[in-house]
Amino acid sequence: QVQLVESGGGLVQAGGSLRLSCAASGRSFSRHAMGWFRQAPGKEREFVAAISGSGSATSYPNSMKGRFTISRDNTKNTVYLQMNTLEPEDTAVYYCAAVFTTSGLTFFIAQSDYAYWGQGTQVTVSS
């Protein structure tokens with residue numbers, strides 16, 4: 001079992017930056033691929049970023065490439081999402097997710113791939 005707690009959300013002006021953190025409690029953090037998803041009011045949850053257990057491989061939707069960066073520190077059991085050049089359209093609740101994998105090089109982009117989810121943290125971008 002893995003418990004995930006997101007933090008770092010808040011209010012930021014368009015063009016600004018935020019760094020979200022996701023702290024994990026549980027065994028074998030490095031054996032879990034991690035992901036970030038977001039859900040805006042009235043919209044379905046969407047994929048934001050993913051990272052393999054080793055941290056060697058990452059994935060982003062085209063809309064996030066160049067603006068968002070996912071990283072992890074396996075010594076701290078924490079995954080991060082650095083968000084730059086934020087836009088009002090980025091306003092959403094951001095969720096951290098984890099799934100066990102035997103491959104340290106594998107990442108996942110589908111919600112259904114993930115077994116564990118955090119409670120979410122609100123990000124609001126003002127125009």
Side-chain angles (χ1 to χ4, degrees):
Q1 295 293 320
V2 177
Q3 300 294 128
L4 305 173
V5 180
E6 302 96 332
S7 63
L11 176 65
V12 64
Q13 291 186 322
S17 300
L18 282 175
R19 188 181 75 163
L20 306 183
S21 298
C22 174
S25 61
R27 295 178 177 270
S28 303
F29 178 71
S30 64
R31 291 187 176 272
H32 287 78
M34 304 293 295
W36 287 96
F37 295 78
R38 69 185 185 187
Q39 187 167 25
K43 297 183 178 180
E44 295 192 355
R45 192 170 300 185
E46 67 174 338
F47 169 68
V48 173
I51 190 167
S52 64
S54 69
S56 62
T58 59
S59 181
Y60 310 89
N62 287 335
S63 61
M64 282 82 173
K65 290 180 180 178
R67 297 195 304 124
F68 289 10
T69 303
I70 188 171
S71 62
R72 66 191 296 160
D73 186 342
N74 287 346
T75 69
K76 298 181 178 179
N77 281 20
T78 302
V79 63
Y80 306 95
L81 182 68
Q82 179 67 46
M83 304 185 293
N84 299 325
T85 319
L86 285 163
E87 305 168 353
E89 292 73 22
D90 295 317
T91 295
V93 176
Y94 284 71
Y95 297 91
C96 177
V99 62
F100 180 84
T101 177
T102 57
S103 173
L105 305 178
T106 303
F107 57 80
F108 303 90
I109 65 173
Q111 291 185 58
S112 59
D113 290 327
Y114 289 89
Y116 308 102
W117 293 82
Q119 85 289 348
T121 185
Q122 177 71 48
V123 172
T124 302
V125 184
S126 62
S127 60

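The chain is numbered in sequence order, starting from 1.
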Asker: Taking the side chain as every heavy atom from C-beta outward, state whether S54 and L105 have any pair of such atoms under 4.5 Å apart.
Answerer: yes
Asker: Could you tell me which residues satisfy salt bridge (Lys or Arg N to Asp or Glu O under 4.0 Å) with E46, sequence neighbours excluded, listed by chain and number?
Answerer: R38
Asker: For Q122, check side-chain hydrogen bond (donor to acceptor under 3.5 Å, both in side chains) against everything at least two apart and list the hits.
Answerer: T124
Asker: Please name the pair of heavy atoms, one in S127 and one in A14, separated by the smallest distance, quoted to 0.1 Å.
Answerer: CA-CB, 4.4 Å
Asker: Remaining members of L81's ILVMFWY cluster at a side-chain heavy-atom cut-off under 4.5 Å?
Answerer: V2, L4, V12, L18, L20, F29, M34, W36, V48, I51, Y60, M64, F68, I70, V79, M83, L86, Y94, Y116, V123, V125
Asker: Distance-only, no hydrogens or angles: does the R67 side chain make a donor-acceptor pair with backbone N or O of T85 under 3.5 Å?
Answerer: yes
Asker: Whether the side chain of T69 engages the backbone of Q82 through a donor-acceptor N/O pair (distance < 3.5 Å, no angle test) should be reported.
Answerer: no
Asker: Is there a donor-acceptor contact under 3.5 Å from the side chain of R72 to the main chain of A33?
Answerer: no
Asker: Output yes when a side-chain donor or acceptor of E6 lies under 3.5 Å from a complementary backbone atom of Q119, and no otherwise.
Answerer: yes
Asker: Roughly how far, to the nearest 0.5 Å, is OG1 of T58 from NZ of K65?
Answerer: 9.5 Å
Asker: According to the disulfide (SG to SG under 2.5 Å) rule, which pairs have a member within residues 95-127, sequence neighbours left out?
Answerer: C22-C96
Asker: Restricting to non-hydrogen atoms, name the atom on A92 and the atom on A40 that form the minimum distance, rounded to 0.1 Å.
Answerer: CB-N, 3.8 Å
Asker: I need the full list of side-chain hydrogen bond (donor to acceptor under 3.5 Å, both in side chains) pairs touching residues 13-33, with sequence neighbours left out, sorted by first then second residue.
Answerer: S17-N84
Asker: Please give the remaining members of the hydrophobic cluster of Y114, linking ILVMFWY side chains under 4.5 Å, ordered by chain and number.
Answerer: F37, F47, V93, Y95, V99, F107, F108, I109, W117
